[in-house]
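Please read the structure below before turning to the comments.
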Amino acid sequence: MDYGTFFFANIASVIVFTVCLSLLAWYNRRVPGISWFAGGLIVGLAKLILQGLEGKVAAGLSGMSANELYLVSFMMQFMGLRWFVVRKPMRSRWPFIAIGLVLAVYTAMFLLKIPYCGNVINIPFVVVCGVSAWILLKYGRGPFAAVSRVSAAILCAEMCVAAYRAVLTNLSYIRPWETVHAQTDPRWLFSLAAMAFLATCMVMCDLWFLVTELQRELAEQARTDPLTGAMNRRAMEEAALREMARSIRHGHPLCTIMIDIDHFKRLNDARGHAAGDRALQELVCLAQSLLRSQDFFARMGGEEFTILLPDTPASAGILTAERVRLAIEALEVPYETGPIKFTVSAGVAQLDPANGSWEGMLRSADAAMYEAKEQGRNSVAAQLPKATDSGVI
């Protein structure tokens, strides 16, 4: 295999990959992970160009700068992978400080022509690959599970090839400023080809991550109310059917709460629809903060909301509804024309395992909610199963 032919074929493919991912990153700027991938490819392309000029430009450019850019490109890839699977900003700055120190030490050793200085780049490169694979295996869950496992396998393979090249460098090319002589070494060329192949596979995984993210966003949009961020009616129905089946199978209680904003039309007419939208958003934010992680909260339409409480009897559901009602009564929503205050009426119903259904339980909660309105609003009422005493509060 001729080095020149390999170089031109490799750089042509990398240019195509870089342009494609850069365009995707531009049109999906809300997805920082793909931007990190595109940035890593741009840096990697610069590294390839410098590497291809080996023997034609100063060794400080074709050798030292190329190796440093390669490490930087994999660090950027690490940041992209971490964004997709961890979803939290990196609070610690020590990885960046460590990479900066590595680059500074390598630059000094290269310019001073100290043998074996290639290890200063090779070892951190292997570490970055290993840490990237570990993060994917640890945090790659849900829709990202498959692509995370495949990417981790590719990174482990890259780590092995990089370790082989590090050993080869220590055995035959202890002076990295003289690696131009390695262009005729089959071991050097084939290991380069292996890294190029694995890098191509990794680009395919980058695209796979983006497609998975877009599919996840579409699925989330199909389940979410766009104004408030709460679940929509369809998502609530799906959750209710699952919880009802589990409730009946294990004999656990299940109840629901129907909530309606009192005089919401009057609020819209007096303060404008923007004020009404703000009230809805604040209600959702407040109510969700008062619920457990296993509870479900959905906007059913207009100013009506439903809470589904697994493993909860009606007596506890009444307490939850009252807690939400009192919190909303005390809420003052900041707004440009003055704070917005409003109240809600709530109805509670419990699943009757004998002849109950989601529609029936929802109708019972709705009837209880209208009963609360008839009592003067800003109150909670309940319709309990026949096996228990009915009550209204």
Side-chain angles (χ1 to χ4, degrees), residues 7-53 61 65-93 95-96 99-100 103 125 128-129 131-133 135-136 139-152 154-155 158 195-224 226-227 229:
F7 165 72
F8 283 111
N10 191 27
I11 201 170
S13 61
V14 173
I15 288 174
V16 173
F17 295 149
T18 303
V19 170
C20 290
L21 253 71
S22 297
L23 289 173
L24 288 171
W26 175 259
Y27 286 104
N28 295 276
R29 292 188 292 276
R30 67 186 184 283
V31 185
I34 195 66
S35 298
W36 281 110
F37 290 155
L41 276 177
I42 292 172
V43 174
L45 178 60
K47 171 261 180 187
L48 275 180
I49 294 173
L50 292 176
Q51 190 179 49
L53 296 174
L61 286 175
S65 297
N67 288 334
E68 291 175 339
L69 289 175
Y70 203 34
L71 180 59
V72 171
S73 71
F74 267 77
M75 191 63 188
M76 296 179 77
Q77 177 183 269
F78 162 79
M79 292 300 297
L81 294 171
R82 188 183 182 282
W83 183 88
F84 278 107
V85 298
V86 178
R87 300 289 174 148
K88 294 180 182 178
M90 183 179 289
R91 297 179 180 177
S92 176
R93 299 301 177 194
F96 304 102
I99 292 297
L103 296 178
F125 178 84
V128 170
C129 288
V131 171
S132 299
I135 283 181
L136 289 173
Y139 295 102
R141 298 289 184 269
F144 294 101
V147 62
S148 294
R149 293 191 183 98
V150 173
S151 299
I154 295 171
L155 286 166
E158 286 185 326
M195 287 299 289
F197 170 75
L198 292 171
T200 301
C201 294
M202 202 65 212
V203 171
M204 298 301 103
C205 287
D206 294 346
L207 295 172
W208 189 357
F209 269 107
L210 176 61
V211 170
T212 304
E213 172 66 14
L214 297 179
Q215 289 177 333
R216 187 197 66 79
E217 287 183 358
L218 288 174
E220 188 68 22
Q221 290 173 6
R223 294 173 44 84
T224 305
L227 175 64

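Hydrogens, waters and symmetry mates play no part in the numbers below; they use all other heavy atoms, side chains included.
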Please report whether the ring centroid of Phe17 lies less than 6.0 Å from that of Phe37. no
Taking every heavy atom of Ile34 against every heavy atom of Asp206, the minimum-distance pair comes out as CD1-O, 4.1 Å
Close side-chain approach of Met202 to Ser151, heavy-atom, < 4.5 Å: yes
Within the 4.5 Å heavy-atom criterion, are Ser148 and Arg141 side-chain neighbours or not?
no
When rounded to the nearest 0.5 Å, the distance separating CE of Met76 from CG of Leu69 is 10.5 Å
Hey, does the side chain of Arg82 reach the backbone of Lys88 with a donor-acceptor pair shorter than 3.5 angstrom?
yes
Practice prompt. Start with the C-alpha gap between Leu41 and Ser73, add the side-chain angles, then the distance that decides, and say whether side-chain contact (heavy atoms from CB on, under 4.5 Å) holds.
Written response: CA-CA 7 Å; Leu41 276 177; Ser73 71; over 6 Å; no
For this session: State, with a plain yes or no, whether a side-chain heavy atom of Ile15 is found less than 4.5 Å away from one of Leu48.
Result: no
Item to complete: Report yes if some heavy atom in the side chain of Met79 is under 4.5 Å from a heavy atom in the side chain of Met90; otherwise report no.
Response: yes
- Message: For a 4.5 angstrom cut-off between non-hydrogen side-chain atoms, does Leu21 reach Leu207?
- Response: yes
Quiz item: Side-chain contact, heavy-atom cut-off 4.5 Å: Leu155 with Gln77?
Solution: yes
The reported gap from CG in Leu210 to CD in Gln215 (rounded to nearest 0.5 angstrom) is 10.0 Å
Nearest heavy-atom approach of Cys205 to Val147 is O-CG2, 3.8 Å
In short, salt bridge (Lys or Arg N to Asp or Glu O under 4.0 Å) pairs touching residues 212-224 with sequence neighbours left out are Arg30-Glu217, Arg87-Glu213, Glu213-Arg216, Arg223-Glu238
Of all heavy-atom pairs linking Ala38 and Ala25, the shortest is CB-CB, 3.9 Å
Closest non-hydrogen atoms of Pro143 and Thr212, given as atom of the first, atom of the second and distance, are O-CG2, 3.3 Å
Here the pair of heavy atoms bringing Leu103 nearest to Glu68 is O-OE2, 3.4 Å
Sorted by chain and residue number, the ring-ring contact (aromatic ring centres under 6.0 Å, His included) partners of Phe125 (sequence neighbours excluded) come out as Tyr70, Phe74
What one should report as the nearest heavy-atom pair of Ala152 and Leu136 is N-CD1, 3.8 Å
OG of Ser65 to CG of Leu50, rounded to nearest 0.5 Å, is 6.0 Å
To the nearest 0.5 Å, atom CD1 of Ile42 lies from atom OG1 of Thr18 at 7.0 Å
| Does Trp36 reach the side chain of Leu81, with side-chain heavy atoms less than 4.5 Å apart? | no
